[in-house]
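Reviewing the structure listed below.
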Amino acid sequence: MTRVLIAGAGITGLTTALSLHAAGLKATVVDRAPELTPAGVGINLQPHAVRELTELGLGEELARIGVSICEIVHYDRFGSRIWGEPRGIAAGYRWPQYAVHHGGLHALLLRAVRDRMGEDAVVTGLSVEGCAETEDHVRVRLRDRETGGQVEWLVDALIGADGLHSAVRAHLHPGEGPPRHSGILMWRGTAVREPFLTGHSIIVAGSNSTAKFVAYPIAPRTACRTVINWIAEVTLDNSEGWKQTGWFRQVSIDDFVHHFADWKWDWFDVPALIRGATGAYENPMIDRDPVATWVDGPVALL
């Protein structure tokens with residue numbers, strides 16, 4: 001049986017493992033973290049993603065943990081509506097668009113992988129450091145994060161789902177350099193409050209040129225309240241690039257809420273929602289430039 005090694009036990013790595021298993025292929029997922037725990041904030045699953053997860057038998061669980069989104073509405077910073085459009089089923093798709101908590105979706109996928117493929121299908125504390133392609137296999141170098149020791153696995157194929165600093169990508173495209181910072185800095189959090197608009201709406205206010213605010217529900221309502229995911233972002237001078245090394249770094253709300261201090265409308269209070277969060281996390285909006293290929297023989301990027 002073909003054996004595939006997947007580097008990275010995030011949402012994409014676990015979904016790939018389930019898809020390979022459904023196709024009759026043996027897959028093992030490794031992750032550098034010593035333990036996989038729910039983390040993150042909100043994430044939107046577009047209809048084409050929901051279709052894939054539904055065909056993997058996860059549709060009912062998605063509906064249980066997520067919120068179906070029916071519209072996205074844009075406003076200016078003063079709360080005046082600019083335009084809106086339907087989403088998901090309301091837009092004519094056969095599958096809904098779901099907003100869910102990243103940690104809840106990750107836990108759902110991890111549970112499905114272990115239930116269907118066995119506990120040993122996901123190995124933590126191992127990071128892929130490099131690989132070499134032989135005539136028939138891929139020789140993968142892995143580092144044990146606890147002992148520091150190095151091990152080698154011989155597999156039929158390697159898939160890199162190991163994030164922005166992917167070792168698999170570095171193998172395929174050596175010398176690429178660091179990620180590129182867009183100049184946009186985001187702060188993210190969640191807060192419990194009463195639903196807004198339809199209760200199934202995404203709101204986007206402001207603009208990319210200065211400051212922008214996004215909010216949407218990520219959990220079914222309970223007693224007229226729900227969990228709201230919010231994203232506050234500003235565009236900064238990026239002449240020197242991003243200097244911080246942390247990602248999803250917890251910061252004080254007072255560090256950034258002043259950018260939105262007067263964003264108070266008759267139907268929505270942005271600073272109050274931000275201050276209602278249990279914590280806030282800072283993320284630079286960074287990415288990598290396009291590359292010519294994501295596949296080289298038995299090695300691929302996801």
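The model shown is predicted, which means the values in this text are computed figures rather than measured ones. By convention here, the first residue in the shown sequence is residue 1.
Judged by distance alone, the side chain of Ser127 and the main-chain N or O of Arg32 form no donor-acceptor pair under 3.5 Å. A distance-only check finds no donor-acceptor pair linking the side chain of His74 to the backbone of Gly206 [under 3.5 Å]. A distance-only check finds no donor-acceptor pair linking the side chain of Ser68 to the backbone of Tyr98 [under 3.5 Å]. For His171 (side chain) and Pro174 (main-chain N/O), no donor-acceptor pair under 3.5 Å exists by modelled atom type.
Using a 4.5 Å heavy-atom cutoff, the side chains of Pro220 and Arg64 are not in contact. Residues Asp262 and Arg77 have side chains in contact (heavy-atom distance under 4.5 Å, counting atoms from C-beta outward). Between Leu45 and Leu105, some side-chain heavy-atom pair lies under the 4.5 Å cut-off. A heavy-atom distance below 4.5 Å is not found between the side chains of Arg221 and Glu194. His101 is not listed as a side-chain neighbour of Ile65, based on a closest heavy-atom distance of 4.5 Å or more. Between Gln150 and Arg141 the shortest side-chain heavy-atom distance falls below 4.5 Å. Taking 4.5 Å as the limit, every side-chain heavy atom of Lys26 sits out of range of all side-chain heavy atoms of Val4. Proximity of Tyr281 to Trp187: side-chain heavy atoms (C-beta onward) are nowhere separated by under 4.5 Å.
Rounding to the nearest 0.5 Å gives a distance of 14.0 Å between CG of Leu62 and CH2 of Trp95. Note that CD of Glu61 is 9.0 Å distant from CG of Leu109, once rounded to the nearest 0.5 Å. The structure places OG1 of Thr235 at 8.5 Å from CE of Met285, a figure rounded to the nearest 0.5 Å. Ile218 CD1 to Asn229 CG: the interatomic distance, rounded to the nearest 0.5 Å, is 5.0 Å. Distance CD/Glu71 to CG/Leu197: 6.0 Å, rounded to 0.5 Å. Rounding to the nearest 0.5 Å places CD of Glu233 at 8.0 Å from OG of Ser182.
You'll find the ring centres of Tyr75 and Trp263 outside the 6.0 Å limit.
Taking each heavy atom of Asn44 and Ala99 in turn, the nearest pair found is OD1-CB, 4.0 Å. Nearest heavy-atom pair, Pro96 versus Val50, reported as atom, atom and distance to 0.1 Å: O-CG2, 3.3 Å. In terms of heavy atoms, Ala112 sits closest to Leu58 at CB-CD2, 4.1 Å. Counting all heavy atoms, side chain and backbone alike, Gly10 lies closest to Asp31 at N-OD2, 4.3 Å. Closest heavy-atom contact between Ala215 and Ile228: CB-CG2, 4.1 Å. The heavy-atom pair separating Ala205 from Asp76 by the smallest distance is CB-O, 4.0 Å.
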Residues 12-25, side-chain donor-acceptor partners within the protein, below 3.5 Å, at least two apart:
residue : atom : partner : partner atom : Å
Thr15   : OG1  : Ile11   : O            : 2.7
Thr16   : OG1  : Thr12   : O            : 2.8
Ser19   : OG   : Thr15   : O            : 3.2

Show the atom names and distances, to 0.1 Å, of all donor-acceptor pairs under 3.5 Å that link a side chain in residues 287-302 to residues at least two apart or in another chain.
residue : atom : partner : partner atom : Å
Arg288  : NE   : Leu164  : O            : 2.8
Arg288  : NH1  : Gly177  : O            : 2.8
Arg288  : NH2  : Leu164  : O            : 3.1
Asp289  : OD1  : Arg180  : NE           : 3.0
Asp289  : OD2  : Arg180  : NH2          : 2.7
Thr293  : OG1  : Val295  : N            : 3.0
Thr293  : OG1  : Val295  : O            : 2.8

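Under the 4.5 Å side-chain heavy-atom criterion for Ile, Leu, Val, Met, Phe, Trp and Tyr, Phe78 and Phe268 are members of distinct hydrophobic clusters. Note on Val140: it does not cluster hydrophobically with Ile159, by side-chain heavy-atom contacts below 4.5 Å among ILVMFWY residues. Hydrophobic clustering of Ile, Leu, Val, Met, Phe, Trp and Tyr side chains at less than 4.5 Å, counting indirect connections, keeps Leu154 apart from Leu126. Residues Ile6 and Leu36 are members of one and the same hydrophobic cluster, defined by side-chain heavy-atom contacts under 4.5 angstrom among Ile, Leu, Val, Met, Phe, Trp and Tyr. Residue Trp83 is not grouped with residue Trp265 when hydrophobic side chains (ILVMFWY) are merged at heavy-atom distances under 4.5 angstrom, including chains of intermediate members.
More than 12 heavy atoms of other residues, nucleotides or ligands lie within 6.0 Å of CD in Glu85, so this atom counts as buried by the packing criterion. Heavy atoms of other residues, nucleotides or ligands lying less than 6.0 angstrom from CD of Glu60 number 12 at most. No more than 12 heavy atoms of other residues, nucleotides or ligands sit less than 6.0 Å from atom CZ of Arg139. Within 6.0 Å of the OH atom in Tyr93, the count of heavy atoms belonging to other residues, nucleotides or ligands does not exceed 12.
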Take Val73 and Ile202, measure what side chain to side chain contact (heavy atoms under 4.5 Å, CB included) needs, and give me the verdict at the end.
CA-CA 6 Å; Val73 189; Ile202 297 175; over 6 Å; no
Verdict with supporting geometry, Val214 and Ile203, side chain to side chain contact (heavy atoms under 4.5 Å, CB included)
CA-CA 6 Å; Val214 180; Ile203 60 170; over 6 Å; no
Using side chain to side chain contact (heavy atoms under 4.5 Å, CB included), reason through Ile274 and Phe256 one step at a time and then give a plain yes or no.
CA-CA 10 Å; Ile274 293 174; Phe256 64 91; 3.8 Å; yes
Go through the steps for Arg87 and Gln46 under the test side chain to side chain contact (heavy atoms under 4.5 Å, CB included), then give the verdict.
CA-CA 9 Å; Arg87 307 294 281 186; Gln46 304 299 326; 3.5 Å; yes
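Note on ring orientation: taking the six-membered ring where Trp is involved, the planes of Phe213 and Trp230 are parallel (angle under 30°, cut-offs 30° and 60°).
Judged by the 6.0 Å distance and 45° axis criteria, Arg3 is positioned over the aromatic ring of Trp153.
Arg169 pairs by the side chain to side chain donor-acceptor pair (under 3.5 Å) definition with Glu176, not counting sequence neighbours.
Between Arg143 and Glu129 there is a salt bridge, since at least one side-chain N of the basic residue sits less than 4.0 Å from a carboxylate O of the acidic one. Salt-bridge check for Asp254 with Arg275: passed, with a basic side-chain N closer than 4.0 Å to an acidic carboxylate O.
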